[in-house]
Every structure is written in structure tokens, then in C-alpha cells.
Amino acid sequence: MSSAGMQSCGHNEDGVEAGVEEIFREVLMAPALTLEPQMVTGDHERWDSMANVEILLACEARWGIEFRFAEIDAIRSVGDLVRAIRMARSRR
């Protein structure tokens with residue numbers, strides 16, 4: 001992944017950061033977007049509540065997971081999303 005910041009989420013070798021970045025680029029129609037773990041809704045002009053729903057659904061589909069309500073409620077940033085994906089994957 002091109003972003004050193006996303007690598008700071010840890011475990012980059014599992015491809016989660018790269019996959020999340022691909023999903024964000026597609027949903028936000030921003031092919032050059034580079035994510036950082038601290039990024040939050042509103043940091044990109046197309047990143048709104050509807051985009052959040054699309055991003056979560058795309059993540060669930062990509063990794064074959066289902067987020068728990070508490071996990072969704074706790075996602076405040078890109079880094080939180082990456083951690084939530086890993087937690088959901090560990091339950092499989």
C-alpha cells in the first residue's frame with residue numbers, strides 16, 4: 001500500500017488496509033485517494049453518512065463478515081474500521 005500512515009494500523013500483510021483503501025476509492029469516486037488511520041467522515045467531500053453505509057457494506061461483502069452493532073457504533077475513523085474488520089474476521 002502506498003500510504004505509510006495506513007501501515008501504522010499494523011498487520012498490513014493481511015491486505016486489510018489496501019482493501020479498505022480500494023473500497024474508499026471506489027465508493028468516493030476518488031482513484032488517487034490515500035487514506036490515513038485518523039481520517040474521519042467529512043475529510044473528503046463525498047464522504048458522508050450514505051458513503052459510510054456503502055463502505056461498511058462493501059467491507060462486509062469483501063471479507064465475508066458481519067459487523068456487530070457495537071462495532072459499527074465504535075467506528076469513528078479509518079483506523080477504527082480496519083480494527084473492526086480484523087476483529088470480525090477473527091470471529092469466523
Side-chain angles (χ1 to χ4, degrees):
M1 184 167 188
S2 61
S3 171
M6 282 301 294
Q7 292 177 9
S8 70
C9 288
H11 308 312
N12 192 40
E13 66 277 358
D14 65 7
V16 173
E17 288 92 346
V20 167
E21 194 164 77
E22 286 175 19
I23 289 168
F24 269 79
R25 288 175 176 177
E26 183 176 316
V27 169
L28 302 179
M29 296 179 283
L33 178 66
T34 299
L35 295 179
E36 296 293 332
Q38 69 276 8
M39 291 176 76
V40 296
T41 304
D43 282 349
H44 185 277
E45 63 186 15
R46 292 189 177 125
W47 189 4
D48 58 15
S49 59
M50 284 304 297
N52 268 341
V53 171
E54 289 182 53
I55 289 164
L56 291 174
L57 291 172
C59 288
E60 287 183 327
R62 181 178 186 126
W63 285 284
I65 58 173
E66 288 188 23
F67 292 116
R68 294 177 176 166
F69 179 76
E71 290 169 334
I72 293 170
D73 195 46
I75 296 171
R76 302 279 184 255
S77 67
V78 171
D80 292 340
L81 175 59
V82 169
R83 284 185 288 280
I85 291 166
R86 288 198 175 106
M87 182 168 292
R89 289 178 75 193
S90 72
R91 289 194 302 266
R92 291 188 296 162

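Everything numeric in this text was worked out from a predicted model, so none of it was measured.
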Exercise for the section: Check step by step if side chain to side chain contact (heavy atoms under 4.5 Å, CB included) holds for Arg89 and Arg92. Expected result: CA-CA 6 Å; Arg89 289 178 75 193; Arg92 291 188 296 162; 3.6 Å; yes
[Y] backbone acceptor or donor facing [X] side chain under 3.5 Å:
X	Y	result
Arg91	Ile65	no
Glu60	Phe67	yes
Asp80	Ser77	yes

Please table the atom pairs, donor to acceptor, closer than 3.5 Å between any side-chain atom in residues 49-56 and protein atoms at least two apart or in another chain.
residue, atom, partner, partner atom, Å
Asn52, OD1, Trp47, NE1, 2.6
Asn52, ND2, Thr41, OG1, 2.9

If you take all heavy atoms of [X] and [Y], which pair is closest and at what distance?
X	Y	value
Leu33	His44	CD1-CD2, 4.1 Å
Thr34	Met39	O-SD, 3.8 Å
Glu17	Val82	OE2-CG1, 4.1 Å
Val40	Arg76	CG1-O, 3.0 Å
Val16	Asp14	N-OD1, 3.0 Å
Arg68	Glu71	N-OE1, 2.8 Å

Practice task
Measure the shortest side-chain to side-chain distance between Cys59 and Ile23 over non-hydrogen atoms and say whether it is less than 4.5 angstrom.
Solution key: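 The answer is yes; the side chains approach within 4.5 Å.
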Problem - Glu36 side chain reached by Asp43 side chain, heavy atoms, under 4.5 Å - result: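 No, side chains not in contact.
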Problem - Linked, directly or transitively: Leu57 and Ile85 (ILVMFWY side chains, under 4.5 Å) - result: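 They do not share one cluster, since no chain of ILVMFWY contacts under 4.5 Å joins Leu57 to Ile85.
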Handout entry: Separation of Phe24 CZ from Arg46 CZ (nearest 0.5 Å)
Key =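 Between Arg46 CZ and Phe24 CZ, I get 14.5 Å after rounding to 0.5 Å.
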